[in-house]
Structures are given as structure tokens and as C-alpha cells.
Amino acid sequence: LELIFSFRFILSSFANTIKKMKEIKDLLSLKSKILITTHVNPDGDAIGSSLALYNFLIKMGHDVTVVVPNDYPDFLKWMKSDDKIINFSEKTDYVKKLLNKIDIIFCLDFNNLKRINELGDLIQLSNSKKVLIDHHLNPDNFYDYKYHNVDASATAELVYDLISFIDENLIDKDISDCIYTGILTDTGSFRFASTSSKVHRIIAKLLDKGVRSDNIGKIIYESNSFDKLKLLGYSLSKKLEIICGGRAAYIVLTRKDLSDNNYKKGDTEGIVNYALSIAGVNMATLIIETKERIKFSFRSSGDFSVNHFANSYFNGGGHKNAAGGSLENKLSVALDKFLESMSKHTKELNY
Ligand code: 5GP
Ligand code: MN
């Protein structure tokens, strides 16, 4: 009986998935003016999923613009149509005018308009149809259409589902490169628990379209600047701390640390993973002092939910094993709050 019930559950969630994709396909049956946007500090999944969808919708004949809230690292600036991306923080007035003419807005890889600050306020006010495609926990209710699954490895996986449902023949090598990049980066190179057999089946199809995993791997992981690597070395040799009886590690980088190391956007990306890689450490945190606030990046392995932790103490969220948040305090106050919060959860990290 249990088997029948679970089978029925799988069938009904499958039917529901198809229904959601069909609704979005129908929405796209008329040629439209479309805006695609994604979260602040866009990462590989944000840019990969946005440009995959962009290139696909252009091939369908739509009039499309990708708008990012702010700049993103150079190692992501190579995918097809990257040169068409509009940076809201640089072209605010242009985007404000553009928004008046938009029919459909796709929100990719985030689920709360507060995550994109002023651009979010503008989208909230817009009369366009809003489509959410995302895999983060607890989506806010601001959309007209939603294709959302927390079990998806990346938003790029969901974009792949959707575009292959609409017209698989339109997926070319350029679009495949974008999807591949999103999944590669959001799965920690196909390592995280989210890397299902379905993910590998999608990757196989992308390779058949001509994607070169060696080339993309080189661009994403072997294009560090000298300064970025020196900052990593400094962070590990001078700033790495172990707490919670060896179960947690953290690194604090002050504004001075960053400027002393010629910090450029993207240079701190990946540092937190080194802290997590220590044997016995189940949770790692990177704390960065910026001009406006203290930014936290949390990572965990196993059961401890950093999404919950980020949400409880740091106005943030994300996924179970990768989340972020921020505090608008001085660094010393924020650090005290962090250490106090950690001490409350030390027991849970003992696995
Ligand atoms: P990262 O540590 O790489 O900045 O972010 C890790 C994950 O947490 C990402 O999936 C990101 O979307 C989410 N995240 C990062 N910062 C915040 C934040 O301030 N608020 C929320 N809700 N999510 C965040
Ligand atoms: Mn993502």
C-alpha cells in the first residue's frame, strides 16, 4: 500500500511539474518584451541560467534583456551574449524606463525581491507578469508563475527542464555552455548531494551538444588572478580560526585585509570552502567587512542547516548546506553575535 501511495505521489508531483511548465510555455506563445533578472553578486548559476534562458528566448523570437543588480566576476564573462547584460547599478535610469515596456519578468536563482534591493522595489511595482524559476528554500509570494524545486541542483537545471520542454531542438552549444556552467558551479563540480542521476543525464545531453568540460573547467577554476590567490593564502595562513571543539571554522576579512591584498570583486569567492575542507569541520563561515554591512557566507556538510542558522540570526537564507546573511553592525559587534550564535549550536555540529 505504501508503495502505491508513494507511486501516486510521484505521479502527481510529475503531473504538477508538467502543468507548471505548460503554463509558462503558454505564456511565451505570444512574442513578448521580456526582462530576465537574478540575485545581487551574481554567481555561476545566476549568470548561466540567465544567459541560457536569454539565448533560448531570443531564438524563439522574443525581445529580451538581462538585467543584473550589480557586477559579477570576470571568470563568468565569456558566455554567449554576456556583452548584452545590463548592470542596474550602472544604468539605473535606463532600466527604470525599460521596465515600463516589459510584458514578462523572469526572476532567476533568488526567491525574495528584497534580495535585489532597489531593483526589487521596481519589479514589485511593475504590472508585468512575473515568473519565478528557483531552487532556494521558502520562496516569497510575488510571482504569477512559478517553476520552483528545492531539490534541483541549480536554477540552470530548472531552466534546462523548461527549455527542453518548450523546444529541445533550440538548445545549441552556446545555451548548453550556460546550463553546464550553472550546474557545475552550484554543485561544487558535481559533488554536492543535489547532484542526482538526473543531473548527470542532463550533463550527458549537454556534452552531446558539444560542451567541452575541460575548457569550461579551465575558465571557471583556473583563471585566478595573482591577487586572488595571494588573498586566499593570506586568509588561510593568518585569519583561519577553529571553534566549537574543531567542528567549525571561520575567517574574518576586514576592509583593510581586502585593500591590503588589492581586493577585486569575486576574489573572496571559494575561500569559505577551504575552511570547510578541514577534517572534522562540519560548518564554515566567511565574514567580510564591507562599507555598508558585515556579510556572512555559511557552508556546512551533513545535517546542520546553515539556511536555518542564517535565517535565525543573520537576516539571511539560502540552502541547507550553503547560505548567507548580513548584519548592519560594527565588525566587533557582528563577530560577538556570530560567536554567541555558534556556541548555541555546538552540540548539533557533533556528527
Ligand atoms: P554566498 O555565501 O555564496 O554568498 O551565498 C550562498 C547561498 O546563500 C546562495 O545560494 C545565496 O543565494 C544565499 N545567500 C547569500 N546571502 C544571502 C542573504 O543575505 N540572504 C539570503 N536570503 N540568501 C543569501
Ligand atoms: Mn543557484
Side-chain angles (χ1 to χ4, degrees), residues 36-53 68-70 72-73 75-76 106-117 120 132-140 142 147-161 178-190 192-195 199 250-251 253 265-276 283-288 290 292-301 305-329 334 338:
I36 299 171
T37 192
T38 188
H39 58 78
V40 276
N41 302 329
D43 58 10
D45 190 28
I47 299 298
S49 57
S50 296
L51 285 177
L53 185 62
V68 293
N70 62 348
Y72 50 96
F75 65 80
L76 297 173
F106 278 90
C107 295
L108 301 190
D109 204 35
F110 70 101
N111 60 21
N112 185 329
L113 289 176
K114 288 196 194 79
R115 279 276 282 142
I116 56 170
N117 311 328
L132 175 76
I133 306 182
D134 179 54
H135 67 139
H136 292 87
L137 294 153
N138 314 321
D140 208 20
F142 66 86
Y147 186 51
H148 179 268
N149 184 353
V150 292
D151 295 326
S153 64
T155 296
E157 178 184 339
L158 298 174
V159 168
Y160 181 84
D161 290 345
C178 301
I179 301 281
Y180 184 92
T181 301
I183 297 177
L184 174 75
T185 53
D186 251 32
T187 56
S189 306
F190 315 115
F192 300 158
S194 57
T195 315
V199 167
Y250 72 95
I251 292 169
L253 293 175
K265 199 164 195 67
D267 283 357
T268 55
E269 219 134 307
I271 292 179
V272 66
N273 299 317
Y274 287 90
L276 188 67
M283 189 223 181
T285 306
L286 176 65
I287 303 168
I288 298 176
T290 71
E292 299 82 19
R293 58 184 68 83
I294 308 299
K295 174 86 184 81
F296 292 80
S297 270
F298 304 110
R299 298 292 184 274
S300 66
S301 41
S305 167
V306 284
N307 170 63
H308 188 245
F309 187 75
N311 196 254
S312 306
Y313 306 106
F314 301 95
N315 314 304
H319 313 275
K320 185 177 150 208
N321 295 128
S326 62
L327 289 178
E328 306 210 339
N329 293 119
F338 166 71

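Whatever order the structure lists ligands and atoms in, that order sets their numbers, starting from 1. For the single chain, residues carry numbers from 1 onward in sequence order.
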Inset, instruction - For His148 and His136, indicate whether the former's side chain and the latter's backbone hold a donor-acceptor pair under 3.5 Å. - result: yes
Legend entry - Phe314 side chain near Phe338 side chain, heavy-atom distance below 4.5 Å: yes
Inset, instruction - Indicate whether the side chain of His135 and that of Asp151 have a donor and an acceptor atom separated by less than 3.5 Å. - result: no
Legend entry - Ser297: numbered ligand 1 atoms lying under 4.0 Å from its heavy atoms: 1 (P), 2 (O), 4 (O)
Legend entry - Under 3.5 Å: N/O of Phe296 near N/O of ligand 1: no
Inset, instruction - Answer yes or no: does atom NZ of Lys114 have more than 12 heavy-atom neighbours from other residues, nucleotides or ligands under 6.0 Å? - result: no
Legend entry - Min side-chain heavy-atom separation Ile133-Val159 under 4.5 Å: yes
Inset, instruction - Flag His136 as yes if one of its N/O/S atoms falls below 2.8 Å of the Mn ion (ligand 2), otherwise no. - result: no
Inset, instruction - Answer yes or no: does atom OH of Tyr274 have more than 12 heavy-atom neighbours from other residues, nucleotides or ligands under 6.0 Å? - result: no
Legend entry - Nitrogen or oxygen atoms of Gly317 and ligand 1 under 3.5 Å apart: yes
Inset, instruction - Decide whether the shortest distance between a heavy atom of Glu269 and an atom of ligand 1 is less than 4.0 Å. - result: no
Legend entry - Whether Asp186 has an N, O or S atom under 2.8 Å from the Mn ion (ligand 2): yes
Inset, instruction - Answer yes or no: is there a side-chain heavy-atom contact under 4.5 Å between Leu184 and Ser189? - result: yes
Inset, instruction - Number the atoms of ligand 1 from 1 as they appear, then name those within less than 4.0 Å of a heavy atom of Ala322, with their elements. - result: 7 (C), 8 (O)
Legend entry - Main-chain N/O of Asn41 paired to Asn70 side chain as donor or acceptor, under 3.5 Å: yes
Legend entry - Any N, O or S atom of Asp43 closer than 2.8 Å to the Mn ion (ligand 2): no
Inset, instruction - Distance to 0.1 Å, residue and atom name: give those for the protein heavy atom nearest to atom 15 (C) of ligand 1. - result: Gly324 CA, 3.4 Å
Legend entry - Atom of Asp109 closest to the Mn ion (ligand 2), considering N, O or S atoms: OD1
Legend entry - Closest to atom 6 (C) of ligand 1 (judged by heavy-atom distance), picking from His319, His39, Arg299: Arg299
Legend entry - Protein heavy-atom partner closest to atom 9 (C) of ligand 1 - residue, atom, separation in Å: His136 NE2, 4.0 Å
Inset, instruction - Quick one: look up the protein heavy atom nearest atom 19 (O) of ligand 1 and list residue, atom name and how far away it is. - result: Gly325 CA, 3.5 Å
Inset, instruction - Could you tell me whether Arg115 and ligand 1 have an N or O pair separated by under 3.5 Å? - result: yes
Legend entry - Contact check: Lys295 vs ligand 1, nitrogen or oxygen atoms, below 3.5 angstrom: yes
Inset, instruction - State, yes or no, whether a side-chain contact exists between Phe110 and Val40 at a heavy-atom distance under 4.5 Å. - result: no
Inset, instruction - Give, rounded to 10 degrees, the angle between NE2 (His135) and OD2 (Asp45) as seen from the Mn ion (ligand 2). - result: 100°
Inset, instruction - May I ask you to check whether Tyr160 and Tyr147 place their ring centers less than 6.0 Å from one another? - result: no
